[in-house]
Amino acid sequence: MAMQWMAQWMALKNGCARRVLAGVLGALAVLVCIAAPAQAHDGNSVALARLWSAARATHPALADDRVDWDRALVAALPKLRDEDDEASLRLAIATLMAPLRDQALRIGADTPRYVRWPADGEVLEWLPGDTALLHLHPGMVDGSPLLLPARARQVILDLRARRELARPPLPTMLHAVLAQLITEPLLLPAERYRFSTGPRPSTPGQWEGMTAGFMQLEAQRLQPAPGARALPMVFIVNDTQSVPYAVLALQRTGRARIVAEEGAWHSRAGPLQALSIGDDLRVEFASGQLAWPDGSAAVLAADRTLRMDRATGPASAPVQAALALLAQPLQPAQASRPKLLTPASAALFPVRHDDEAYRDMRLPEREWRMLAAIKLWATLDNYFPAKRLMSSSWDDALQRCLHQMAQVHDARAYGLILQQMAASLDDSHVGVGSRALGGNSRTHGIGVVLAAIDEGIVVANVTEPALLRSGLLKVGDAIVQIDGEYVGTRLARLRAATAASNEAGRWRKAMAEMLTFLPGVSVTLQVDGSDGKRREVVLQPTPLDDALAPRHARPMIALDKGIAYVDLDRLQTGEVDAMFDQIQGSRALILDMRGYPHGTGRAIAARLNVNDASVFAMFYQQLVTAHETSDGVQLAYPDRLYPALAPVYRGQVVMLINEHTQSQAEHLALAVEAATPVTFIGTPSAGANGDLREVVLPGNVHVWYSGLEVRHADGRQLQRVGVQPHITVAPSVAGLRAGRDEVLERAQVFLRKDQE
């Protein structure tokens, strides 16, 4: 996987190659998704996407890759016909969910047939052999706690529903009865839920935050009532209500048996989730599992299964079946090999190990293209922590791009649609790379950094040594045209497909992309110089690599009239203590963070920690699970500072920032902010901090995004806002042409005035 676009993006993430930024975005040029008309309700494609997303994040059978959930969606999508055709949607759902082997699955709300038991019927009926038939039908009127007469020698408990309930019945009444029928505490199975936090890490050691897993709730224990007697029991259940957990526990311990009456659906036990999709089509499926203390699965296995009848009373088939079971001696519970909780059988789809099919696709078929849009949407819908901060609707982005995917006829257009969709995330960490977008071919660039100043695009720095020596481009030159196209026109096209947390970041990324080219081409620029004359410059783009010249010729560490200067773009981790030794005795320190650091943040903040701060930032990570109390849950945990092993620097501190201050650089700014009364000078930072996450799509398209939201230690928003300067100052064209660093000069003036 040593593809150049991937290497380039990782170089950007690690702060190794500022000008490589363009290559990872591929050819951002210029496709804008055609807006599809908004619908009053979800079309079938979007409805299927919502179900696929919910199951992908929570269903216990998808805890590993034994079921190829991507291929399951590809198999289901062709079943859809008209976007309003419910019959085809039902078929598509059945096809999608089949690999899960989910006994709890129900599609649609077929009218259930409830037991025929009169509203004023007696709760207790006597059958031969002093058999007590208890009508504990959910939907009956709850009365006083039922005391079982001493006459009873065995018990049949009919738990089939009498009428529809708005919510599952509370087990209080049933437990009160069962407490009279057990002589030892009864341990009920525990609910076990899968939780997910995002795509699995390719390098687990570099993963920040919590990885996915299972959480198990505490098990309940049913205590026997005073004077309780252990009696043989048979429970009658059906497919209208979930089987109570106590019934499974009694069956497991050999103290009860189960008669299940089933109609269109299977009887079921365990936690469920329901999703209303399409035109109010209800789909129910497992939200978790039931587990015994030894880790084995608590599953429903009836001792006798009958066809749907719904009759009740002594002559009914279910009651007669229960009497027949009671006539057989109870077998004591036998130890057996535990049936461990595992994902569903993968008989229909093979194990997917490495997204191999994705790499081989140049232009994916229609269903795979739709999968790409749905997978990108589902991943970010569930796991992008800053989704609430987006300027546009992520759901609308899915609908637009599904509409586009049906019309794609070449690989480049396919990649550009995904790129446009990702651009709406408003996150400067977002990058899209693929072969189709030119990530392997657009490997050359012009070695300059541009800046948008006074409505012009100006050379702010020349980073290519040979170009600097040639004098063909100079700092302060205004770029007017590139290959005959005005830069304003080119930037407008690129900007539309550029993801960024704020406008300054969007311009920065678009300007970097504007300077990347295929190898072997010549690039013609029209340039306005400091003399006011327009000239034409022809350049040969050079390879993009990590060998960048310093942003300026100033020493990395300097000391002038009691004011120290440190360029954090060059300072290495092992040099922090030596740097503080070198500036010891200075009254003020300027930290230049208009670039990308090298993992020095904690070490620097520790040496500045006059505030004795222990927390300098807060992380927030999405946690998705089907447990009913978990809607909208975020994991929150602090990032900490640790005591320094050397003296703390107590001078005044200033930090220089701008739109290039992003991610790790912003994290360093938060650490310094917590440690000491720092003054930020410059322009706002990029507003994109948080561990970089990746989702892989058909056609070997890789999309990166911020997997964590990072906030200031006091909870203030950083994403999309950035670190805000206390003193705002930006370079001017005149200053650049004069070779001045106006931001640094303003910091020096501030520190000198502070001493007057």
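Just the heavy atoms: all of them, side chains too, but no hydrogens, waters or symmetry mates, feed the values below.
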Participant: Return the minimal non-hydrogen interatomic distance between G562 and S586, and the atom names on each side.
Facilitator: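 Minimum heavy-atom contact is O-CB, 3.5 Å.
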Participant: When you measure from the side chain of Q572 to the backbone of H598, do you find a donor-acceptor pair of N or O atoms at a distance under 3.5 Å?
Facilitator: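 Not a single qualifying donor-acceptor pair exists.
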Participant: Assert yes or no for the condition that the ring centre distance of F384 to H429 is strictly below 6.0 Å.
Facilitator: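 No, they do not, as the ring centres are separated by 6.0 Å or more.
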Participant: Assess whether a salt bridge exists between R469 and E464, defined as any Lys/Arg side-chain N lying under 4.0 Å from an Asp/Glu carboxylate O.
Facilitator: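 Salt bridge: no.
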Participant: Tell me yes or no: between the side chains of N658 and T683, is some donor less than 3.5 Å from an acceptor?
Facilitator: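 Judged by distance alone, the side chains do not pair up.
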Participant: Does the distance from a Lys or Arg side-chain N to an Asp or Glu carboxylate O, for D569 and R594, drop under 4.0 Å?
Facilitator: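 Answer for the salt bridge query: no.
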Participant: When you measure from the side chain of R693 to the backbone of Y705, do you find a donor-acceptor pair of N or O atoms at a distance under 3.5 Å?
Facilitator: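 Answer holds: no.
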Participant: Should R737 and D477 be marked as a salt bridge (Lys or Arg N to Asp or Glu O under 4.0 Å) after you check the CA-CA gap, both sets of side-chain angles, and the distance that decides it?
Facilitator: CA-CA 8 Å; R737 289 174 174 172; D477 284 345; 5.5 Å; no
Participant: Look at R508 together with E503 and state whether they make a salt bridge at an N to O cut-off of under 4.0 Å.
Facilitator: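 Between E503 and R508 there is no salt bridge, as every charged N stays at least 4.0 Å from the carboxylate O atoms.
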Participant: With distance as the sole test, does D426 use its side chain to make a donor-acceptor pair with the main-chain N or O of S391 at under 3.5 Å?
Facilitator: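 Judged by distance alone, yes, a pair lies under 3.5 Å.
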Participant: Strictly below 4.0 Å, N to O, side chains only: are R607 and D577 in salt-bridge contact?
Facilitator: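 Salt bridge: yes.
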Participant: Do K387 and D427 sit within salt-bridge range, that is, some charged N less than 4.0 Å from a carboxylate O?
Facilitator: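 Result for this pair is no, no salt bridge flagged.
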Participant: Looking at CE of M405 and CZ of R369, how far apart are the two atoms once the value is rounded to the nearest 0.5 Å?
Facilitator: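 Those atoms lie 7.5 Å apart.
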Participant: Is D714 salt-bridged to R716, going by a charged N under 4.0 Å from an acidic O?
Facilitator: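 Salt bridge present between D714 and R716.
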Participant: Taking the six-membered ring where the residue is Trp, are the ring centres of H712 and F616 under 6.0 Å apart?
Facilitator: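 H712 vs F616: aromatic centres not under 6.0 Å.
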Participant: Under 3.5 Å, side chain of T661 to main-chain N/O of I657, donor-acceptor pair present?
Facilitator: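 No, because the side chain of T661 does not come within donor-acceptor range (under 3.5 Å) of the backbone of I657.
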Participant: Determine whether a donor-acceptor pair (N or O, by modelled atom type, separation under 3.5 Å) exists between the side chain of R534 and the backbone of V527.
Facilitator: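 Checked: no pair found.
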Participant: Hey, is R752 close enough to D560 for a salt bridge, meaning N to O under 4.0 Å?
Facilitator: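 Salt bridge present between R752 and D560.
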Participant: Are any side-chain N or O atoms of Q719 and backbone N or O atoms of S501, one a donor and one an acceptor, separated by less than 3.5 Å?
Facilitator: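 No, Q719 side chain to S501 backbone: no donor-acceptor pair under 3.5 Å.
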Participant: For R554 and Y565, indicate whether the former's side chain and the latter's backbone hold a donor-acceptor pair under 3.5 Å.
Facilitator: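 No.
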Participant: Is the shortest distance from a Lys or Arg side-chain nitrogen in R490 or E513 to a carboxylate oxygen in the other one below 4.0 Å?
Facilitator: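 A salt bridge is absent here (no side-chain N lies under 4.0 Å from a carboxylate O).
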Participant: Say whether, by atom type as modelled, one donor and one acceptor occur between the side chain of K509 and the main chain of S428 under 3.5 angstrom.
Facilitator: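 Side chain of K509 to backbone of S428: a pair is present.
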Participant: With a 4.5 Å heavy-atom cut-off, do F517 and T443 have their side chains touching?
Facilitator: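 No - every pair of side-chain heavy atoms lies 4.5 Å or more apart.
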Participant: Has the side chain of Q652 got a donor or acceptor atom that lies under 3.5 Å from a matching backbone atom of L589?
Facilitator: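 Flag not set: sc Q652 to bb L589 has no pair under 3.5 Å.
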Participant: Counting N and O atoms only, with roles assigned by atom type, does the side chain of S685 sit under 3.5 Å from a partner on the main chain of V723, one being a donor and the other an acceptor?
Facilitator: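 Yes; at least one donor-acceptor contact below 3.5 Å.
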